[in-house]
Amino acid sequence: MKKMRKYKWLLFIVLIICLTLTALGGSRSKEDQYIHVGIAVYDLDDTFMNSLITALENRIDEAQMKKKISYEICDAKGNLRRQNKQLQYMYTQSYDMMLVNLVDPSSAASVLNDAKELDVPVILFNRDIAEKDLKITDNVWYVGTDASQAGQIQGEMLHKIWNEQRNRVDKNKNGKIDYVLIEGEEDHYDAIRRTKGFLENSKDLPLNTLGTLSASWNRQLAYKKFSQLDNNAISSTEAVICNNDDMALGVYDYYKEKNLALPIILGINNSQEMNEKIMSGEIYGSVDNDMDNQVLRTVKCMESVLNGNTKKYKKVWYSTPYAVTRE
């Protein structure tokens with residue numbers, strides 16, 4: 001009787017092992033039908049990022065690969081801790097490649113060290129990182145735009161309207177451009193470079209700073225921060241220079257709600273709503289970061305790397321931004 005029980009127990013164990021191996025074998029076969037890509041996004045509530053990811057999905061669906069690409073998108077909602085947890089999850093998924101849009105670009109070293117250890121190629125996109133971090137692994141690329149150049153173009157647009165329509169800009173006739181600067185996240189590489197580019201290309205203009213605010217790329221926060229300026233500063237504002245369109249639209253919302261005459265407003269990204277307001281003449285201008293070309297380059301780089309051609313693309317690729325105005 002004991003031998004019979006022992007025999008049944010061994011048979012049960014063998015059966016479980018066989019079923020497990022069969023399941024694993026079937027899963028592996030199914031997995032092999034696809035190329036798996038993980039996409040980490042800093043915040044899909046960001047207007048520009050939402051548009052970029054939609055365009056990226058469409059391009060990936062059309063990618064020229066021997067196998068169909070299966071991808072998973074993780075939205076960090078602007079929260080670094082949330083993104084870190086998502087990245088840890090992604091490392092366990094044995095992705096063939098990861099596309100990463102960092103909440104905090106200063107965390108790139110940690111992300112790339114983990115990816116290097118797991119031998120996973122990474123394309124960082126849209127949010128620029130320190131040059132030294134790109135040397136951590138050979139299997140990393142960056143696709144984005146030149147943040148400094150975008151800021152310089154804002155300076156060029158302000159030069160143009162000042163030279164051509166000085167009387168319109170200088171409402172208080174003090175011979176200066178009384179302006180407010182609204183930056184993205186504090187200590188963020190893109191915000192710093194956009195601001196620096198603007199200031200360097202505007203130093204020969206008679207600028208008078210009424211305030212410098214930080215609104216974390218957010219429309220509602222820009223509205224709130226701008227509304228907290230004192231009434232004298234707001235009434236004296238002749239231009240508002242913003243690190244992105246969402247913040248520029250937040251300032252626009254404030255002026256429209258208060259039924260005040262709009263100052264010169266400049267943004268960056270050329271979002272659909274921003275473009276509509278530029279073409280209607282309400283907002284002066286924005287800088288288009290050539291999102292379509294960024295998406296195309298990201299997918300082409302991904303195709304090349306997955307096909308084993310890791311030397312075809314440079315480690316860093318920037319799109320060429322350009323001014324968008326009604327004129």
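Computed from a predicted structure; not experimentally measured.
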Taking [Y] as the starting point, is it possible to reach [X] by hopping between hydrophobic residues whose side chains are less than 4.5 Å apart?
X	Y	result
Ile177	Leu181	yes
Val305	Tyr91	no
Val240	Leu213	yes
Val287	Leu199	yes

Modelled atom types, side-chain donor and acceptor of [X] and [Y], under 3.5 Å:
X	Y	value
Asn218	Ser216	no
Asn293	Ser319	no
Tyr322	Asp288	yes
Tyr284	Gln165	no
Asn289	Asn270	no

With sequence neighbours left out, what residues match Asp170 under side-chain hydrogen bond (donor to acceptor under 3.5 Å, both in side chains)?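 Partners of Asp170 by the side-chain hydrogen bond (donor to acceptor under 3.5 Å, both in side chains) criterion come out as none, since no residue qualifies.
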Partners of Tyr179 by side-chain hydrogen bond (donor to acceptor under 3.5 Å, both in side chains), sequence neighbours excluded?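 Here the qualifying residues are Thr209.
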Any heavy-atom pair between the side chains of [Y] and [X] that's under 4.5 Å?
X	Y	value
Met49	Asp43	no
Glu238	Pro263	no
Met302	Ile69	yes

query = What distance separates Ile278 CD1 from Ser271 OG, expressed to the nearest 0.5 Å?
reply =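 Between atom CD1 of Ile278 and atom OG of Ser271 there are 8.0 Å.
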| message | If I take atom CZ from residue Arg219 and atom CG from residue Asp46, how far apart are they, to the nearest 0.5 angstrom? | response |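 Between atom CZ of Arg219 and atom CG of Asp46 there are 12.5 Å.
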- [ ] Please step through side chain to side chain contact (heavy atoms under 4.5 Å, CB included) for the pair Gln33 and Lys68, ending with a clear verdict.
- [x] CA-CA 7 Å; Gln33 296 174 17; Lys68 186 174 177 61; over 6 Å; no
Are more than 12 heavy atoms, taken from residues, nucleotides or ligands other than [X], located less than 6.0 Å from that residue's [atom1] atom?
X	atom1	answer
Asp204	CG	yes
Asp138	CG	no
Glu200	CD	yes
Lys224	NZ	no
Lys173	NZ	yes
Lys160	NZ	yes

List the atom pairs, donor and acceptor, that lie under 3.5 Å between side-chain atoms in residues 54-62 and the rest of the protein, sequence neighbours left out.
{"unit_1": "Thr54", "atom_1": "OG1", "unit_2": "Asn50", "atom_2": "O", "d": "3.0"}
{"unit_1": "Glu57", "atom_1": "OE1", "unit_2": "Tyr71", "atom_2": "OH", "d": "3.3"}
{"unit_1": "Asn58", "atom_1": "ND2", "unit_2": "Thr54", "atom_2": "O", "d": "3.3"}

Under 3.5 Å donor-acceptor, [X] side chain and [Y] backbone:
X	Y	answer
Asp75	Leu44	yes
Glu273	Asp245	no
Asn307	Asn309	no
Arg326	Met279	yes
Thr298	Gln294	yes
Asn244	Trp217	yes
Ser280	Lys277	yes
Ser235	Asn232	yes
Lys171	Ser236	no
Gln154	Cys242	yes

side-chain hydrogen bond (donor to acceptor under 3.5 Å, both in side chains) pairs, two or more places apart, involving residues 124-133: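 Every side-chain hydrogen bond (donor to acceptor under 3.5 Å, both in side chains) pair that includes a residue of residues 124-133, provided the two are not neighbours, is Arg127-Glu185, Arg127-His188, Asp128-Arg193, Asp128-Tyr318.
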* Asked: If you look only at pairs with a residue in residues 234-282, which of them pass as a ring-ring contact (aromatic ring centres under 6.0 Å, His included), with sequence neighbours excluded?
  ->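 Sorted pair list: Tyr223-Tyr254, Phe226-Tyr254, Phe226-Tyr255.
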**Asked** Should Ile182 and Lys225 be marked as a side chain to side chain contact (heavy atoms under 4.5 Å, CB included) after you check the CA-CA gap, both sets of side-chain angles, and the distance that decides it?
**Response** CA-CA 9 Å; Ile182 304 186; Lys225 290 286 190 75; over 6 Å; no
- List the steps and the verdict of side chain to side chain contact (heavy atoms under 4.5 Å, CB included) for Asn269 and Thr47. CA-CA 9 Å; Asn269 284 335; Thr47 303; over 6 Å; no
Donor-acceptor list for residues 109-123 side chains, cut-off 3.5 Å, not counting sequence neighbours:
{"unit_1": "Asn113", "atom_1": "ND2", "unit_2": "Ala109", "atom_2": "O", "d": "3.0"}
{"unit_1": "Lys116", "atom_1": "NZ", "unit_2": "Ile136", "atom_2": "O", "d": "3.2"}

Query raised in the report: Please walk me through it: do Met97 and Leu306 pass side chain to side chain contact (heavy atoms under 4.5 Å, CB included)?
Result: CA-CA 8 Å; Met97 168 163 274; Leu306 290 173; 4.0 Å; yes
